[in-house]
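Notes for the one structure printed next.
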Amino acid sequence: MKHEPSCPRCGRAVRAPNLWSSAWQCAVHGPVAPLQPLRAPGETSLDLLLDSARVPVWLPWPLPAGWVVTGFADAGDERSGALGIAVALSGPAPLGGVGEMVVVAEDPGIGLGARLAGMDAPDPGAGFDTGPAALRLRHGGHDIPMWPVPGCKKRSVYAGEAYASWLWLLLSPADTDVLTCELSGLRDMRDRVDGATLPPPFGALSPFLADGLKPLEEPEG
């Protein structure tokens with residue numbers, strides 16, 4: 001069954017714009033950018049996402065050895081474009097088994113990255129970026145500093161800011177964090193001038209993304 005748009009912060013069903021409001025409405029969080037059904041990994045999904053993106057569509061580059069793109073998520077509608085975008089990847093974890101990674105770019109207040117991190121608030125929160133950065137990713141000749149987000153269980157989460165958007169990096173299980181030693185840069189897949197980055201290799205749909213953004217089933221009656 002195809003899922004309808006939902007709240008990016010909690011997964012509840014959202015009410016479409018009507019005569020009284022031009023915004024999508026969540027019963028708990030009010031006006032939101034609606035989370036669209038997950039996009040399966042593939043070139044067609046990527047092309048559609050790139051056409052609607054209003055924030056970067058980040059891809060770690062170069063990709064870690066053996067890692068592939070395993071799905072996309074986006075929040076927004078036809079009028080706004082995609083204001084929050086998650087790119088999922090899977091591959092061999094440094095300490096064994098399969099690792100999952102999600103890179104999120106979003107406008108402040110969207111809540112997509114925070115939901116995947118298991119947080120109640122939509123953004124990293126005040127003071128998360130105190131002290132020296134734990135990770136720096138390079139894009140366009142500039143370093144993007146990122147700080148660990150505390151209190152995220154069973155996963156490792158970093159957050160920073162790039163081009164007026166939040167940037168989240170989430171890794172699961174938590175010990176996949178070792179992989180950050182191999183990450184050096186980011187590519188914005190909206191920039192099509194370097195054909196070597198498009199299309200990236202694709203795999204099966206990420207269970208981390210699918211489970212983390214599963215729509216909340218409303219109780220009957």
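Judged purely by atom type and a 3.5 angstrom limit, Arg54 has no side-chain atom pairing as donor or acceptor with the backbone of Asp107. For Thr130 (side chain) and Gly127 (main-chain N/O), a donor-acceptor pair under 3.5 Å exists by modelled atom type.
Residues passing the ring-ring contact (aromatic ring centres under 6.0 Å, His included) test with Trp24, sequence neighbours excluded: none. Contacts of Asp120 classified as side chain to side chain contact (heavy atoms under 4.5 Å, CB included), with partners at least two apart in sequence or in another chain: none. Applying the salt bridge (Lys or Arg N to Asp or Glu O under 4.0 Å) test to Asp175 and every residue at least two apart in sequence or in another chain returns nothing.
The nearest pair of heavy atoms linking His29 to Arg9 is CD2-CZ, 3.3 Å. Nearest heavy atoms, Val14 versus Ser6: CG1-C, 3.7 Å. In terms of heavy-atom proximity, Trp58 sits nearest to Ala162 at CZ2-CB, 4.1 Å. Nearest approach of Gly113 to Val104, heavy atoms of both residues: N-CG1, 3.9 Å. For the pair Ser172 and Arg155, the tightest heavy-atom approach, listed with the atom from each and the gap, is CB-CB, 4.3 Å. Heavy-atom minimum distance, Cys7 versus Arg115: O-NH1, 3.2 Å.
Counting heavy atoms from C-beta on, the side chains of Lys154 and Pro173 never come closer than 4.5 Å. Within the 4.5 Å cutoff, side-chain heavy atoms of Tyr158 are placed close to those of Leu171.
Hydrophobic cluster membership is shared by Leu135 and Tyr163, with clusters built from Ile, Leu, Val, Met, Phe, Trp and Tyr side chains linked at under 4.5 angstrom. Both Met189 and Leu137 sit in one connected hydrophobic cluster of ILVMFWY residues. Membership requires side-chain heavy atoms under 4.5 Å apart, directly or through other members. The hydrophobic cluster containing Leu170 does not contain Trp61, counting ILVMFWY residues as joined when their side-chain heavy atoms lie under 4.5 angstrom apart, directly or transitively.
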Donor-acceptor contacts under 3.5 Å from residues 205-216 side chains, at least two apart:
| unit_1 | atom_1 | unit_2 | atom_2 | d |
| --- | --- | --- | --- | --- |
| Ser206 | OG | Glu100 | OE1 | 2.9 |
| Ser206 | OG | Phe208 | N | 3.3 |
| Ser206 | OG | Leu209 | N | 3.1 |

Exercise answer: donor-acceptor pairs, residues 63-73 side-chain atoms, under 3.5 Å, sequence neighbours excluded:
| unit_1 | atom_1 | unit_2 | atom_2 | d |
| --- | --- | --- | --- | --- |
| Trp67 | NE1 | Pro92 | O | 3.2 |
| Thr70 | OG1 | Ala88 | O | 3.4 |
| Thr70 | OG1 | Leu89 | N | 3.4 |
| Thr70 | OG1 | Ser90 | OG | 3.3 |

Distance-only donor-acceptor hits, side chain of residues 178-185, under 3.5 Å, sequence neighbours excluded:
| unit_1 | atom_1 | unit_2 | atom_2 | d |
| --- | --- | --- | --- | --- |
| Thr180 | OG1 | Asp177 | O | 2.7 |

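By the 4.5 Å side-chain criterion applied to Ile, Leu, Val, Met, Phe, Trp and Tyr, Leu48 is assigned to no cluster and stands alone.
Legend: ring pair (Phe, Tyr, Trp, His ring centres under 6.0 Å) pairs involving residues 164-188, not counting sequence neighbours, sorted by first then second residue: Phe128-Trp166. Residue pairs meeting the salt bridge (Lys or Arg N to Asp or Glu O under 4.0 Å) criterion with at least one member in residues 63-84, sequence neighbours excluded: Arg39-Asp74, Asp77-Arg79. Evaluation of the salt bridge (Lys or Arg N to Asp or Glu O under 4.0 Å) test over residues 123-138, restricted to residues two or more places apart or in two chains, returns Arg138-Asp143.
Among the candidates Val32, Leu83, Leu35, the single residue satisfying the side chain to side chain contact (heavy atoms under 4.5 Å, CB included) test with Ile110 is Leu83.
How far CZ of Arg190 is from CD1 of Ile85: 7.5 Å, rounded to the nearest 0.5 Å.
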